[in-house]
Amino acid sequence: MDDVVIGIDASTTAVKAIAFTRDGADLFQAREAYPLANPKPGHFEQDAEHWWAALISALKQVADKVGAARVAAIAIAHQRETFTLIDQAGTPLIPAILWLDERARPQVARLSAELGRETIRDWSGKPPDPTPALYAIAWLAEHQPQVLANAAALVDVHGFFVHRLTARLVTSTASADPLGLLDVATGEWHPELVAAAGLQPGQLPALIGPGEICGGLAESIAQLTGLKAGTPIVAGAGDGQAMGLGMGVYGAGRSYLSLGSGVVSGCYSGTVTTSDAFRTLVSPTGSGFMLETVLRSGMQLVDWIVRTTGASSAAELEKGAVDVAAGGDGLLVMPYWAGVMSPYWDGAARGAVVGLSLDHEPRHLFRATLEGIALEQAIASEAMEAESGGKPGEMIAAGGGTNSALLMKIMASVLERPLFVSPVNEAAALGAAMLAASAIGWFASAEDAAKAMAAAPARRVDPDMTLVPAYRARKAIYRDLYHATRDIHARLGAI
């Protein structure tokens, strides 16, 4: 009995509920998808009731499979920056506005001018950008002021779920932090950021640290799911931080690299530090901070190359690209197809392909794209690690990109370090499960839970030292590419 914890990952596309044992083994998982709406250009929304229906269904499947008596606790990881407004009964008043949403670019410019760009960054840990909810909330204050004024609360995905599961209006600091309303140094709501968004302090959930117990599962929800009433609901974290924890990155000495649709990397910092080179986030362990870089165009850019060239698959292009010399026979790709976050925070930036000739084929473009992703990551990692005490001893990699042998060879060679590939496919849910396990006393701390539950790397990818000199030379040129094209992209965007 009580030998299983459930880690929830409420992503942009689905809720996953996964039962983990004390050693981190995945006992059973349920997945329930929900739709994404794009009602206007730049607007991305979801119905929070779809999240809830998916969560209930997924939890019921897990309870039916493993048995309610075995479930000792539940913790939640979730899509960050996404939020909705609720009334006193917890009913959503608006469609949830997602982290993908870009409607608030004018509010980014306005608040940056009013408060100071560096001031916002240093308070919140996040350079001004449409991704944090701060700016979309300010958009609501301008376009739907009555709805915002009448809302009982603004909740992130974690806060929405906890309110429904326990009837308590509370969320985790590691979940609320990406909203951009928190004082990253103190872990409290920042009064000036809250006011700038157009909110009242009473409209925000109470805050507790990740790994603390939010409350017990309500009787009515226990009946819907088949779980035990009173099952502890444990404060989790945003999916990015939870993913790092699930990959075994919880302190100095390790960094993580997630090669998914976007490319996210992070490392631990014992002290708060802010910079345009990264975002600063509350650590999922509740101790210290995570520094994070984001490239929006990762494997989705690889998919775009496949579609655009008419290739049958990425594997087909990769097979040809293996024989292309490092540097794509003179090609250089800047992978800003979806703009750039760190280090330039420029939504007007766009991708660039430099050096095309009549001799180039799709395989050259494919290799140059992988190299562009790797060069961007190398520059990001150097800047981030310079602020956090130097290059960590290990970089743990996960995500769909690790299945590309060529990308992994290029990445290790450009980064000039070995990459240790995690076998965990659902690292965010595992990170949440680690917090649940520590909260109920299976382990003394989240760090101890990570040591016990994180899987050992499945393989190691070493740099190809014959490629390193060529990539060092190209990295020096790549550093100048954004600055050379910045004004051109801004002028194009203004027409």
Side-chain angles (χ1 to χ4, degrees), residues 5-10 55 72-84 86 90 124-125 132-133 152-191 193-194 199-218 221 230-242 244-246 250 272 280-290 428-429 431-450:
V5 290
I6 296 177
I8 303 294
D9 179 14
L55 177 66
I74 302 168
I76 302 161
H78 58 96
Q79 55 171 308
R80 299 180 295 186
E81 294 98 15
T82 297
F83 72 94
T84 191
I86 59 173
S124 69
L154 179 140
V155 286
D156 54 22
V157 180
H158 185 282
F160 181 76
F161 279 161
V162 170
H163 188 251
R164 287 281 179 98
L165 293 168
T166 70
R168 294 191 65 207
L169 187 59
V170 63
T171 194
S172 164
T173 53
S175 296
D177 171 43
L179 295 175
L181 299 171
L182 224 65
D183 183 330
V184 71
T186 66
E188 301 290 341
W189 299 115
H190 196 293
L193 291 172
V194 171
L199 288 166
Q200 298 297 319
Q203 291 178 297
L204 293 165
L207 294 167
I208 62 173
E212 297 182 29
I213 294 175
C214 299
L217 187 68
I221 310 305
T231 300
I233 307 299
V234 176
D239 51 8
Q241 301 112 294
L245 182 62
Y250 48 82
V272 65
T280 305
L281 297 152
V282 171
S283 168
T285 66
S287 173
F289 305 89
M290 297 303 295
M434 291 170 176
L435 293 172
S438 64
I440 57 174
W442 284 6
F443 304 100
S445 65
E447 291 87 350
D448 286 345

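If you read the sequence from its start, that first residue is 1, and numbering goes on from there.
Taking all atoms of both residues into account, the shortest heavy-atom contact from L435 to P284 is CD2-O, 3.3 Å. The two atoms that bring A432 and A242 nearest to each other are N-CB, 4.4 Å, heavy atoms only. In this structure, G187 and T173 approach most closely via the heavy-atom pair O-CG2, 3.6 Å. Taking every heavy atom of both residues into account, F289 and V184 meet most closely at CE2-O, 3.1 Å. The shortest non-hydrogen separation linking I233 to G216 is CG1-C, 4.4 Å. Between S172 and G209, the shortest heavy-atom distance links the atoms OG-C, 4.4 Å.
If you take CD on Q200 and CG on L154, they are separated by 13.0 Å, rounding to the nearest 0.5 Å. Taken to the nearest 0.5 Å, the CZ atom of F160 stands 10.0 Å off from the CG atom of L165. The CG atom of L179 sits 11.0 Å away from atom CZ of R80, with the distance rounded to the nearest 0.5 Å. Rounding to the nearest 0.5 Å gives a distance of 9.0 Å between OG of S445 and OH of Y250. For the atom pair CD1 (I8) and CG (D239), the distance works out to 13.5 Å, reported to the nearest 0.5 Å. A distance of 11.0 Å separates CD1 in I86 from CD in Q203, rounded to the nearest 0.5 Å.
In this structure a side-chain-to-backbone donor-acceptor pair under 3.5 Å is missing from T166 to H163. The backbone N or O of V282 lies less than 3.5 Å from a partner atom in the side chain of Q241, making a donor-acceptor pair.
With sequence neighbours left out, R168 forms a salt bridge (charged side-chain N to carboxylate O under 4.0 Å, His left out) with no residue at all. Looking at residues two or more places apart in sequence or on another chain, you find a side-chain contact (heavy atoms from CB on, under 4.5 Å) between A437 and W442, F443, M453. Residues that satisfy the ring pair (Phe, Tyr, Trp, His ring centres under 6.0 Å) test with H190, not counting sequence neighbours, are W123. In terms of the side-chain contact (heavy atoms from CB on, under 4.5 Å) criterion, residue partners of E212 (sequence neighbours excluded) are, by chain and number, I208. The side-chain contact (heavy atoms from CB on, under 4.5 Å) search around A436 returns V5, A73, A75, V234, not counting sequence neighbours.
Under 3.5 Å, the side chains of S287 and T285 contain no donor-acceptor pair of N or O atoms. A donor atom on one side chain and an acceptor atom on the other are found under 3.5 Å apart for T171 and D156.
Within the 4.5 Å cutoff, side-chain heavy atoms of P178 are placed close to those of L281.
Applying the salt bridge (charged side-chain N to carboxylate O under 4.0 Å, His left out) test to every pair with at least one member in residues 174-185, sequence neighbours left out, gives these pairs: K126-D177.
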